[in-house]
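Presented below is the structure to which this report refers.
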Amino acid sequence: MTDSIMSKAATMEIPINSNGDTGTLAEDDSLEQATKLQWSLAEKVGGSRGSRDLQQVMVSGPNLNETSIVSGGYGGTTEGPGMHHSSSSSSSSMAGEEATRGVAVEKLESVKKWSLNTYKCTKQMISERFGRGSRTVDLELEAQIEVLRDTKRKYENVLRLARALTTHFYNMVQTQHALGDTFADLSQKSPELRDEFGYNAETQKLLCKNGETLLGAINFFVSSINTLVNKTMEDSLMTIKMFENARLEFDAYRSDLEELGLGPRDAVAIARIEAAQAQYQIHKDKYERLRSDVTIKLKFLEENKVKVMHKQLLLFHNAISAYFAGNQQQLEQTLQQFSIKLKPPGADKPSWLEEQ
């Protein structure tokens with residue numbers, strides 16, 4: 001009887017459809033009413049023991065009010081960790097694509113500006129070469145630049161000849177050194193000519209020593225001329241090259257602005273003229289700044305050239321004169337005067353470890 005009453009009550013309170021789904025009653029109300037009915041029937045039928053058994057079943061069973069549906073269940077709507085990861089990956093991918101697109105646009109704009117500038121400068125260069133275009137001329141500055149280029153060519157010739165002198169003189173000193181060793185050896189093995197071979201051996205050794213001293217002075221001379229020509233002068237010529245490029249750009253944009261000024265004055269033309277005016281002013285400022293830099297560098301280069309060459313020519317003259325006059329003391333004093341330190345014999349030769 002109790003089982004029939006329980007079954008009937010449960011059937012009345014929680015209707016089941018043909019597919020096994022719950023009816024249209026609200027979940028909380030149905031559960032609350034079923035629970036109250038079950039407790040009431042348990043008290044009437046089973047007494048205290050039935051009450052305890054039913055309470056144990058209700059406590060040990062699942063809490064339907066707090067049941068959660070995991071991701072992938074029927075009708076589940078909560079998001080699992082994988083969905084958050086997918087969303088963040090998608091955002092990172094979109095950000096990467098935006099950054100790549102921005103870099104591509106920037107490079108495209110850079111290429112576009114470079115192409116336009118190259119076209120204008122090429123057009124200006126051709127116009128100047130065929131005498132159809134005008135160019136900005138600074139007669140005084142261009143004369144100084146031409147003097148510098150001519151001076152550099154002449155100093156390069158001095159440097160080439162000084163290096164050749166160093167090579168030939170070095171070979172002569174090495175020959176004197178070998179000849180002195182040979183005379184010394186023959187002096188020991190030829191008793192009848194010991195004194196004669198001995199005198200010549202001492203003479204060649206003295207000439208070799210003085211020759212090494214003169215080589216130190218010539219090498220210092222060559223090093224200083226090389227620095228002046230290939231570093232100091234070359235640095236000024238690099239600035240001059242930048243100045244000449246800026247002059248060409250300035251004249252190209254100046255000619256462009258002049259051509260636009262001769263055309264119609266509608267809205268589109270005025271906008272183009274304003275843009276050309278802005279570009280003209282930018283390249284004019286660049287041209288004037290580089291012209292000032294070239295003027296300053298040429299001034300300091302001339303002062304430095306006079307100072308360096310005065311010292312080096314005095315050194316070269318005194319060292320050569322002392323050597324060929326056989327004045328060993330004056331030759332050594334010349335090196336001390338210019339603070340030249342000779343390398344000890346064999347300093348240029350690599351050690352036996354480096355030769356392995």
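We number each residue from 1, following the sequence as shown. Everything quoted here is computed from the prediction, not taken from an experiment.
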Are [X] and [Y] close enough that some pair of their side-chain heavy atoms sits under 4.5 Å apart?
{"X": "L139", "Y": "V137", "value": "yes"}
{"X": "L257", "Y": "Y253", "value": "no"}
{"X": "F183", "Y": "Y199", "value": "no"}
{"X": "L248", "Y": "E128", "value": "yes"}
{"X": "L214", "Y": "N210", "value": "no"}
{"X": "H283", "Y": "N117", "value": "yes"}
{"X": "M233", "Y": "Y155", "value": "yes"}
{"X": "Q204", "Y": "H177", "value": "no"}

Does [X] use its side chain to pair, donor to acceptor, with the backbone of [Y] at less than 3.5 Å?
{"X": "N219", "Y": "L215", "answer": "yes"}
{"X": "N171", "Y": "T167", "answer": "yes"}
{"X": "T334", "Y": "Q330", "answer": "yes"}

Once you round to the nearest 0.5 Å, how far does [atom1] of [X] lie from [atom2] of [Y]?
{"X": "E332", "Y": "N327", "atom1": "CD", "atom2": "CG", "value": "9.5 Å"}
{"X": "F221", "Y": "L165", "atom1": "CZ", "atom2": "CG", "value": "9.5 Å"}
{"X": "Q277", "Y": "D256", "atom1": "CD", "atom2": "CG", "value": "11.5 Å"}
{"X": "Q329", "Y": "Q333", "atom1": "CD", "atom2": "CD", "value": "5.0 Å"}
{"X": "I240", "Y": "I145", "atom1": "CD1", "atom2": "CD1", "value": "4.5 Å"}
{"X": "F130", "Y": "M125", "atom1": "CZ", "atom2": "CE", "value": "12.0 Å"}

- Examine the side chains of S134 and R254 and answer whether a donor and an acceptor come within less than 3.5 Å of each other.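 Yes, a side-chain donor-acceptor pair sits under 3.5 Å.
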- Any side-chain donor-acceptor pair under 3.5 Å between E196 and N200?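 No, no side-chain donor-acceptor contact under 3.5 Å.
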Indicate yes or no: does [X] engage [Y] in a salt bridge with an N to O separation below 4.0 Å.
{"X": "R289", "Y": "D285", "value": "no"}
{"X": "E244", "Y": "R135", "value": "no"}
{"X": "K152", "Y": "E234", "value": "yes"}

- Query: Which of parallel (below 30°), tilted (30 to 60°) and perpendicular (above 60°) describes F243 and Y287?
  - Reply: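 Judged by the thresholds at 30° and 60°, the geometry between F243 and Y287 is parallel.
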Shortest non-hydrogen contact from [X] toward [Y]:
{"X": "R194", "Y": "S187", "result": "O-OG, 3.0 Å"}
{"X": "G180", "Y": "A201", "result": "O-CB, 3.7 Å"}
{"X": "G211", "Y": "F169", "result": "O-CE2, 3.3 Å"}

- Item | side chain to side chain contact (heavy atoms under 4.5 Å, CB included) involving S255 - partner list, sequence neighbours excluded |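 By the side chain to side chain contact (heavy atoms under 4.5 Å, CB included) rule, S255 matches Q124.
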- Just do the salt bridge (charged side-chain N to carboxylate O under 4.0 Å, His left out) check on K123 and E259 with the steps written out, would you? CA-CA 13 Å; K123 179 182 176 182; E259 290 178 3; 3.7 Å; yes
Test of understanding: clusters of I, L, V, M, F, W, Y form through side-chain heavy atoms closer than 4.5 Å, transitively. Do [X] and [Y] belong to the same one?
{"X": "L206", "Y": "M172", "value": "no"}
{"X": "L335", "Y": "L207", "value": "no"}
{"X": "F324", "Y": "I218", "value": "yes"}
{"X": "V222", "Y": "V173", "value": "yes"}

Between side-chain atoms of residues 309-323 and protein atoms elsewhere (two or more places apart, or another chain), which donor-acceptor pairs fall under 3.5 Å?
unit_1 : atom_1 : unit_2 : atom_2 : d
Q312   : NE2    : S224   : OG     : 3.1
N318   : ND2    : L314   : O      : 3.4
S321   : OG     : H317   : O      : 2.9

Just wondering, are more than 12 heavy atoms of other shown residues or ligands nearer than 6.0 Å to [atom1] in [X]?
{"X": "Y170", "atom1": "OH", "answer": "no"}
{"X": "R132", "atom1": "CZ", "answer": "yes"}
{"X": "M238", "atom1": "CE", "answer": "no"}

- Task: Given side-chain contact (heavy atoms from CB on, under 4.5 Å), test E258 with L262 step by step and report yes or no.
- Result: CA-CA 7 Å; E258 291 175 354; L262 297 176; 5.9 Å; no
- Task: Show your working on side-chain contact (heavy atoms from CB on, under 4.5 Å) between L228 and L159 and close with a plain yes or no.
- Result: CA-CA 10 Å; L228 178 64; L159 180 61; over 6 Å; no
- Task: Dump the intermediate steps for side-chain contact (heavy atoms from CB on, under 4.5 Å) on K209 and Q328, then the final yes or no.
- Result: CA-CA 9 Å; K209 180 181 178 181; Q328 180 181 359; 3.5 Å; yes
List the atom pairs, with distances to 0.1 Å, where a side-chain N or O of residues 290-307 and a protein N or O form a donor-acceptor pair under 3.5 Å, not counting sequence neighbours.
unit_1 : atom_1 : unit_2 : atom_2 : d
T295   : OG1    : R291   : O      : 2.9
K297   : NZ     : D235   : OD2    : 2.8
K297   : NZ     : T239   : OG1    : 3.0
E302   : OE1    : K305   : NZ     : 3.3
E302   : OE2    : K305   : NZ     : 3.4

